[in-house]
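Okay, structure first, notes after.
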Amino acid sequence: MKADDALLRILACPIDKGPLALLAAEEALYNPRLRRRYPILDGIPQLLPSSGEQLSDADHERAVRQIEEAAEAEAEARAEQTEGAGS
């Protein structure tokens, strides 16, 4: 699964039904509101409530940093595409 995958836009946390963020390095989806991480096994998100694991404060901070860094990288890539298209 990739950050721009259309499936990611429609997947939701099985507990609070809110959006999930991709943690690509960990092959997992993350709900920062509940601090729950759901694994992706063989490309298939495991979204049963019992599949999720609660993260510690330190792991939560790392996950949030990963999400922010991925969003910044995506924004930079889009800006480069826009600049390239305008030339």
Side-chain angles (χ1 to χ4, degrees):
M1 182 172 282
K2 297 181 182 177
D4 61 351
D5 195 326
L7 181 62
L8 185 59
R9 287 185 231 128
I10 62 172
L11 292 176
C13 175
I15 298 173
D16 75 356
K17 311 300 186 237
L20 297 165
L22 178 65
L23 299 177
E26 299 178 31
E27 293 190 33
L29 295 172
Y30 186 58
N31 179 341
R33 298 168 307 284
L34 300 179
R35 296 183 178 202
R36 292 190 65 81
R37 177 175 52 202
Y38 299 93
I40 300 172
L41 303 175
D42 296 325
I44 301 170
Q46 307 299 303
L47 293 177
L48 293 172
S50 60
S51 297
E53 73 173 307
Q54 195 73 30
L55 295 189
S56 67
D57 289 343
D59 288 338
H60 168 72
E61 293 300 323
R62 265 193 299 277
V64 169
R65 274 196 304 276
Q66 277 186 43
I67 293 165
E68 290 171 349
E69 289 168 3
E72 289 172 8
E74 188 176 323
E76 288 175 12
R78 271 188 290 206
E80 288 175 9
Q81 286 178 345
T82 303
E83 289 175 7
S87 299

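Count residues from 1 along the sequence.
- Hydrophobic cluster membership is shared by Leu34 and Leu22, with clusters built from Ile, Leu, Val, Met, Phe, Trp and Tyr side chains linked at under 4.5 angstrom.
- Pro45 and Leu11 make their closest contact through CG-CD1, 3.8 Å (heavy atoms, listed as atom of the first residue, atom of the second, distance).
- Side-chain contact check for Arg36 versus Gln54: some heavy-atom pair is nearer than 4.5 Å.
- Listed here is the closest heavy atom pair of Ser51 and Pro39: O-CD, 3.4 Å.
- In terms of heavy-atom proximity, Leu47 sits nearest to Leu29 at CD2-CD1, 4.2 Å.
- Thr82 places a side-chain N or O within donor-acceptor distance of the main-chain N or O of Arg78, the cut-off being under 3.5 Å.
- Residues His60 and Pro32 have side chains in contact (heavy-atom distance under 4.5 Å, counting atoms from C-beta outward).
- Other residues, nucleotides and ligands contribute only 12 or fewer heavy atoms inside 6.0 Å of the CD atom of Glu27.
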Would you be so kind as to tabulate the donor-acceptor pairs closer than 3.5 Å made by side chains of residues 12-20, with sequence neighbours excluded?
from, atom 1, to, atom 2, distance (Å)
Asp16, OD1, Gly18, N, 2.8
Asp16, OD1, Asn31, ND2, 3.2
Asp16, OD1, Arg33, NH2, 3.3
Asp16, OD2, Asn31, ND2, 3.3
Asp16, OD2, Arg33, NE, 2.9
Asp16, OD2, Arg33, NH2, 3.4
Lys17, NZ, Pro14, O, 2.7

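- Residues passing the side-chain contact (heavy atoms from CB on, under 4.5 Å) test with Ala63 are Leu23, Tyr30, Leu55, sequence neighbours excluded.
- Both Ile10 and Tyr38 sit in one connected hydrophobic cluster of ILVMFWY residues. Membership requires side-chain heavy atoms under 4.5 Å apart, directly or through other members.
- Partners of Glu61 by side-chain contact (heavy atoms from CB on, under 4.5 Å), not counting sequence neighbours, listed by chain and number: Arg65.
- A salt bridge links Asp57 to Arg35: one of the charged nitrogens lies within less than 4.0 Å of a carboxylate oxygen.
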